[in-house]
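Computed from a predicted structure; not experimentally measured. Below, read A as the first sequence line, B as the second, and so on, with proteins coming before strands; counting in each chain starts at 1.
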Amino acid sequence: MPELPEVETYVRELAPQLSGSCVQAAQIYWPRTIATPTAPIFARRILGSRFVDFSRRGKYMLLGLADGMTLIVHLRMTGKVLVKPAGSVAALHTRVVLDLDDGRHLHFHDTRKFGRIWLVGDTETVLAKLGPEPLSSDFTREDFGVRLVGRRAPIKALLLDQAILAGVGNIYADEALFLAGIDPKRLGGTLTDAEIGRLHGTVREVLLRGIELQGSSLGGSSLQNYVRPGGEPGGFQEEFQVFRRTGKPCPHCGTPIERIVLAQRSTHFCPACQS
DNA sequence: ATAAGGCCCTGACCGC
DNA sequence: TGCGGTCAGGGCCTTA
């Protein structure tokens, strides 16, 4: 599941590969992938677009175009953005292909069809509801605390709420709560100042570590024909302290990690360390 | 305003 | 081996 670190890695990889390239043709195999505008209008409007700017907001990838429009991509569960060499054919589950002016192709591959692409003039029409970027200076512990005041949802659910902060998904939420020693079931409004401070720090810590590990496992050599998918085994996976480690010993105290469901999401935690 | 549940999807997995 | 049922899960939508 791509979360903030995986999306950040994608953007960093895509920038040098796509910068300056022009879209010459578009094939849309699954129209619902295109959120805005309609698929036919998208296919026409994207023609001639030149990629000039690359950034990220939460889990959204922002590909800025020379005409001022922005191509926004959300990978959701299984989305992947792949830069393919000239002549390559679309694999099963490829939903959108943009042909580039040098013959290469930009593929959007998405097994489960949850991913979405927008082509907009004003990015705020898509991003307006997002909370602060966890890694920016806008995300202070004071601001974080204000957003939790009076909240009666479990803190795990609030970490997943993109309006509170942008970019944390199920993996990093569990990891941050473990490092902060906070029970995921605790209601947001009941956290102490000290706990809010710790969680503010561990959220940033796990995201930064995720970006580091994504980057370090790239190797820089196997990327000619694709941008590596985020969150695959071999990188951060082995670093998880609690995520998907149900029944395995807590790395701190040895107590078996438990799994519960909160906010319809599997949640992993140490019942001894997190209270 | 906030919280909770359904929905979209497909492949993996489970039990028989 | 084959088959039906269940599950995962981000964000949006609806309901309470």
**Student:** Which atom pair, heavy atoms only, marks the closest approach of A:F114 to A:R76?
**Tutor:** O-CG, 3.1 Å
**Student:** Can we call the ring centroids of A:F178 and A:H252 under 6.0 Å apart?
**Tutor:** yes
**Student:** Would you kindly compare A:R259 and A:V126 by the position of their nearest DNA chain C nucleotide and give the one closer to the 5′ end?
**Tutor:** A:R259
**Student:** Stacking check: are the rings of A:F114 and C:dG11 less than 5.5 Å apart at their centres and under 30 degrees in tilt?
**Tutor:** no
**Student:** When we call it a touch if two heavy atoms are under 4.0 Å apart, what does A:R116 touch: a base, just sugar-phosphate, or nothing?
**Tutor:** nothing
**Student:** Return the value, rounded to whole Å, for the distance between atom CD of A:E6 and atom P of C:dG9.
**Tutor:** 14 Å
**Student:** If you measure from the Lys or Arg side-chain nitrogens to the Asp or Glu carboxylate oxygens, is any gap between A:E175 and A:R209 under 4.0 Å?
**Tutor:** no
**Student:** Phosphate oxygens OP1/OP2 of C:dG9: is one of them under 4.0 Å from a side-chain N or O of A:R244?
**Tutor:** yes
**Student:** Expressed in angstrom and rounded to an integer, what is the separation of A:L159 atom CG from B:dA3 atom C1'?
**Tutor:** 16 Å
**Student:** To the nearest Å, how far apart are A:L158 CG and B:dA4 P?
**Tutor:** 9 Å
**Student:** Measure from CZ on A:R32 to C1' on B:dC7 and round the result to the nearest Å.
**Tutor:** 10 Å
**Student:** Tell me which of A:D161 and A:W30 sits closer to the 5' end of DNA chain B, going by the nucleotide each one is nearest to.
**Tutor:** A:D161
**Student:** Starting at atom CG of A:D110, determine the distance to atom C1' of C:dG11, rounded to an integer number of angstrom.
**Tutor:** 13 Å
**Student:** What is the distance, to the nearest angstrom, from the CG atom on A:N170 to the P atom on C:dG9?
**Tutor:** 5 Å
**Student:** Could you tell me whether the phosphate oxygens of B:dA3, OP1 or OP2, come under 4.0 Å of any side-chain nitrogen or oxygen in A:R151?
**Tutor:** yes
**Student:** Respond yes when some side-chain nitrogen or oxygen of A:H93 is under 4.0 Å from OP1 or OP2 of B:dG11, and no when none is.
**Tutor:** yes
**Student:** Is any NZ, NE, NH1 or NH2 atom of the basic residue among A:R57 and A:E133 found under 4.0 Å from an Asp or Glu carboxylate oxygen of the other?
**Tutor:** yes
**Student:** Go through residues 54-65 of chain A and report each residue with a non-hydrogen atom lying under 4.0 Å from DNA chain C, sorted by number.
**Tutor:** A:K59, A:Y60
**Student:** Report yes if the side chains of A:I46 and A:L65 come closer than 4.5 Å at any heavy-atom pair, otherwise no.
**Tutor:** yes
**Student:** Let me spell it out: for each of A:R76 and A:P154, pick the nucleotide of DNA chain B with the closest heavy atom. Which residue's pick is nearer the 5' end?
**Tutor:** A:P154
**Student:** Determine whether A:V168 and A:L4 satisfy the following criterion, side chain to side chain contact (heavy atoms under 4.5 Å, CB included), listing intermediate values before the conclusion.
**Tutor:** CA-CA 6 Å; A:V168 172; A:L4 184 155; over 6 Å; no
**Student:** Does a side-chain N or O from A:Q264 land closer than 4.0 Å to OP1 or OP2 of C:dG9, or not?
**Tutor:** no
**Student:** Please report the distance, rounded to the nearest Å, between CG in A:L187 and C1' in B:dA4.
**Tutor:** 14 Å
**Student:** With heavy atoms under 4.0 Å as the rule, sort A:Q162 into base, sugar-phosphate or nothing.
**Tutor:** sugar-phosphate
**Student:** Calculate the interatomic distance between A:Y172 atom OH and C:dG9 atom P; express it in whole Å.
**Tutor:** 14 Å
**Student:** Would a 4.5 Å heavy-atom cut-off, applied to side chains only, mark A:V81 and A:F108 as touching?
**Tutor:** yes
**Student:** Could you check A:E6, A:E8, A:E13 and say which one makes a salt bridge (charged side-chain N to carboxylate O under 4.0 Å, His left out) with A:R56?
**Tutor:** A:E8
**Student:** Applying a 4.0 Å non-hydrogen cut-off, can you work out what A:S266 is touching in the nucleic acid: base, sugar-phosphate, or nothing?
**Tutor:** sugar-phosphate
